[in-house]
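Atoms considered below: every heavy atom in the structure, side chains included; atoms not considered: hydrogens, waters and symmetry mates.
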Amino acid sequence: MINLFKNLNENQKEAVLKTEGPVIAIAGAGSGKTSVLTTRIAYLIFEKKIHFENILAITFTNKAANEMKYRVRQTIGINTSQMWISTFHSMCAKILREHIEFLGYKKNFQIIDDDDVKQLVKSILKKNNYDIKIYKPKIIKNIVLKLKFDNDLIEDIEEPVKSVVKLVSRKYEENLYRNNLVDFENLLTLTIELLENNEPLRKYYNEKFQYILVDEFQDTNNVQYKLVNLLVGEKQNIFIVGDEDQSIYAFRGANIENINKFKRDYPNFHLVLLEENYRSTNTILKAANQIIENNTKRVPKKLFSNLGNGKQITHFKGVTARDEVEFVALKVLELVRKGYTYNDFAILYRANSTSRMFEEVFMQKRIPYRIYGNTSFFKRREIKDFTAYLRLIINNNDAYSFMRVITNPKRGIGAITIDKLFNLAANNDLDIFVAIDRANEVLGKSVCNKLLDFKNMILDFRVKLDELSFNDFVDYILDKSGYVKSLENDEKGDVRYENLLEFKTILSENEQIYKDLSKESLLIYLLEDISLKSEESKKDIIDGVTFMTLHSAKGLEFKVVFIVTLEMGMFPLGRSMQSRKDFEEERRLMYVGVTRTKELLFLTNANVRQTFGEISRNKDSCFINEINKELIDVRGYSEYVNKPYRETNFFSKKVLNVAKLESLNNYKKNDLNKGERITHTKFGVGLVISVTGTHCIIAFPQPYGIKKLLKDHPAISKN
DNA sequence: TGAGCGTACGCCCCG
DNA sequence: CGTACGCTCA
């Protein structure tokens, strides 16, 4: 028998063994929280003989869910693909996909993202003659969404905005319902509605989920709290893990108070404290403690570790933002020469837009990297266009996709025609495709023919879905719709086409895996998967430096961490400094960043940087100053800080030249050509399929298959 | 009525 | 720096 407990301390064991009744585990950063969660699941299945279908584990990110599945699989060697280990949103989608008809929606509902919501809100505002310069769609959208998890907030809004928001909210919900669409908030609220109004179903889930685990409980919002409450059965076997110091999602409604609320709602709770840190050196922990101590509303808690003091923290201040980036890149190269691998590094920033600067320099120096978040693959225009085709093929009455598809590529049908058609449909309560047959009532003959052609094209695609493989199906759509042709006039057409090819690969791969599903169900499932996981790219496996926001770094750890743009206004963000609440959340974000570090921490910033075209000089972030000086080694070029820009300019050049030299010495370019064979350190021998400026597509034997890689990645060598 | 082109504006964090 | 709107022309 395997010993589940061999690596756990007493408190961790307690958290695993106390399986019955409500349990709260307060888990400091790096205290082995994931181990506790996975061991607990393993223990329930392996020792208590609980069937895996009776366990529900909820996480906040897909990454955390995948990690947990992986570790459960490692521990007890069972197939975790059928287990309910998922994010709140995936869990809800799974429940709704089965039962949403009870609420009047159709089973093939589609999930829309925030960009889509913004577009919808905008069109509603326009239709009701509101000036979108005054009522900015983005702001109205945010309010509309916020109201969905706390309706009382409406009373805090002044007129006339209040009325506008009320009207838009109502029309927006009607619109979603009519088009069989669900936004991220609705995934939660509709599930609640379902469970509240369908008692047999609620009973079913209460009995099914005998053991519930919720990770990152400090980040739950009111709606999520309510949902958990509804799911918990009579035995109240609910296990929550949280750390108020790591609460960083207030902007989407997270309520730290939920931990206290839990204590009131489940008064016989059992409390476990996990304070021993297994991740960081004491220098890192001291710094983290010194920072977080400045927050007012918190229960004091001190982490400790047995990993020694380790190295000092480095603060580098560049003259320009470019210096800062160069420093980070050179440091990475230096440490790689000393034995670190690219996977050991993370560059953490406050705003996604920061990644661009780093990308440029890393690309130039041929340092492999991977970006999380940002304009993720699935949010690219061509991918959204194409998924709109797929959605429309599945649901001909999806107005939102209809609009997107009929105007991409241009086919001589514009906003006014669409408007008339939609009005005709709405006034006579018709489906869009039926309205097209009667379009002659409101539209001219040539436009009617164009609409008919369009409709027939989509219907033809539906037929082809069942007849063709996904590979051929995608090609068929791209060709017949004229989409590929329209890319010829697009400057970025090549890249867009490549992305579409990659999308095709993703579909095909899944076609292999889920052979028993019908094509349509598979497509629905995949589209759902895509919208729920839009932050992930397929390229996870590549060895490279990780670029990500501080938010997405939560739950992860790296040997070497760079926290960058540490300036007043950048981090903490300018807006946050007006309210104590927001400001303290920024500090928690800093705390999260620092505690990701295992060995080396670098804090960097610059004296001068360009933001929005303006040159700005920001002070050092107050978070740097909150760390005791003796923990920090100040590096770089701070002696130039108070001199005029011109005088210091030579220095940037010097750094640049050194950088160039280093990159030339250390990294040869891979001169790849189509048809050649190469060897990749991880994937083995592969065949080069195509090469563009920076990337290449290479076919490897199974299980790796076709990969898109950086052309000059050091892992690739020519045979 | 639709499409192409020049200009203006905005630019945080997640599922 | 990139997207999105508004104007003009076909």
Looking at every strand, decide which applies to Leu573(A) at a 4.0 Å heavy-atom threshold: base, sugar-phosphate, or nothing. base
Within a reach of under 6.0 Å around CD of Glu441(A), are more than 12 heavy atoms found that belong to other residues, nucleotides or ligands? yes
Side chain to side chain donor-acceptor pair (under 3.5 Å) between Asn66(A) and Asn62(A): does it pass, once the steps are laid out? CA-CA 6 Å; Asn66(A) 291 336; Asn62(A) 292 302; over 6 Å; no
Around Lys384(A), counting heavy atoms of other residues, nucleotides and ligands shown, do more than 12 lie under 6.0 Å from its NZ? yes
Flag yes if more than 12 heavy atoms outside Tyr70(A) fall under 6.0 Å of its OH atom; otherwise flag no. no
Taking His551(A) for the side chain and Ile248(A) for the main chain, is one N or O donor matched with an acceptor at less than 3.5 Å? yes
With rounding to the closest Å, how many angstrom separate the C1' atoms on dC13(B) and dA4(C)? 24 Å
Without decimals, in angstroms, what is the distance between Asp113(A) CG and dG15(B) C1'? 10 Å
Does OP1 or OP2 of dC12(B) have a side-chain N or O of Ser353(A) closer than 4.0 Å? no
Counting any heavy atom closer than 4.0 Å, what does Arg588(A) reach on the DNA or RNA strands: base, sugar-phosphate only, or nothing? nothing
If you draw the axis of the six-membered ring of Phe109(A), does the NZ or CZ of Arg97(A) fall within 45° of it and under 6.0 Å from the ring centre? yes
For atom OH of Tyr249(A) and atom C1' of dG15(B), their distance in whole Å: 9 Å
Quick check for you: among dT1(B), dC12(B), dG15(B), whose closest atom lies nearest to any side-chain atom of Thr417(A)? dT1(B)
Find every protein N or O atom lying less than 3.5 Å from an N or O atom of nucleotides 1-4 of chain C, and list the pairs.
none

Please walk me through it: do Tyr172(A) and Asp183(A) pass side chain to side chain donor-acceptor pair (under 3.5 Å)? CA-CA 11 Å; Tyr172(A) 169 74; Asp183(A) 64 23; 2.6 Å; yes
Of Glu193(A), Glu173(A), Glu185(A), which is the lone residue that meets salt bridge (Lys or Arg N to Asp or Glu O under 4.0 Å) with Lys148(A)? Glu173(A)
At under 4.0 Å between heavy atoms, what does Ile413(A) touch on the DNA or RNA strands: base, sugar-phosphate, or nothing? sugar-phosphate
Whole angstroms only, please: what is the CG-C1' distance between Leu556(A) and dC14(B)? 14 Å
Could you check whether Phe602(A) and Phe345(A) have their ring centres less than 6.0 Å apart? no
Within residues 85-96 of chain A, residues whose heavy atoms come under 4.0 Å of DNA chain B: Thr87(A), His89(A)
Does dC14(B) have OP1 or OP2 under 4.0 Å away from a side-chain N or O of Asn62(A)? no
Between Gly414(A) and Glu585(A), name the one whose nearest nucleotide on DNA chain B is closer to the 5' end. Gly414(A)
Base dG15(B) to side chain Gln224(A), donor-acceptor N/O within 3.5 Å cut-off: no
Pairs under 3.5 Å (Watson-Crick or G-U), crossing ones as [ ], inter-strand ones as |: DNA chain B comes out as ||||||||||.....
Provide, to the nearest angstrom, the distance between the CZ atom belonging to Phe184(A) and the P atom belonging to dG15(B). 9 Å
Salt-bridge criterion met for Arg356(A) and Glu359(A) (N-O under 4.0 Å): no
Is a salt bridge present between Glu584(A) and Arg298(A), judged by a nitrogen-to-oxygen distance below 4.0 Å? no
Lys138(A) side chain: which of dC13(B), dG15(B), dC11(B) is closest? dC11(B)
Without decimals, in angstroms, what is the distance between Leu443(A) CG and dG2(B) P? 9 Å
Among the candidates dC14(B), dG15(B), dG4(B), find the nucleotide nearest to the side-chain atoms of Lys410(A). dG4(B)
In whole Å, I'd like the distance from the CD atom of Glu528(A) to the P atom of dG15(B). 16 Å
Assess whether a salt bridge exists between Glu67(A) and Arg71(A), defined as any Lys/Arg side-chain N lying under 4.0 Å from an Asp/Glu carboxylate O. yes
Nearest to the side chain of Asp114(A), heavy atoms from C-beta on, is which of dC13(B), dG15(B), dC12(B)? dG15(B)
Atom CE of Met357(A) to atom P of dC11(B): distance rounded to whole Å? 19 Å
Are OP1 or OP2 of dT1(B) and a side-chain N or O of Lys420(A) less than 4.0 angstrom apart? yes
Asp113(A) backbone acceptor or donor facing Asp116(A) side chain under 3.5 Å: yes
Which residue lies toward the 5' end of DNA chain B, Gly412(A) or Phe251(A), if each is placed at its nearest nucleotide? Gly412(A)
Taking any heavy-atom pair under 4.0 Å as a contact, classify Glu216(A): base, sugar-phosphate, or nothing. nothing
Expressed in angstrom and rounded to an integer, what is the separation of Asn142(A) atom CG from dC11(B) atom C1'? 14 Å
Taking it one step at a time, do Tyr369(A) and Phe358(A) satisfy ring-ring contact (aromatic ring centres under 6.0 Å, His included)? CA-CA 10 Å; Tyr369(A) 62 88; Phe358(A) 282 88; 10.0 Å; no
Residue-phosphate contact under 4.0 Å: Thr549(A) side-chain N/O, dC12(B) OP1/OP2: no
State whether Lys554(A) places a side-chain N or O below 4.0 Å from either non-bridging phosphate oxygen (OP1 or OP2) of dC13(B). no
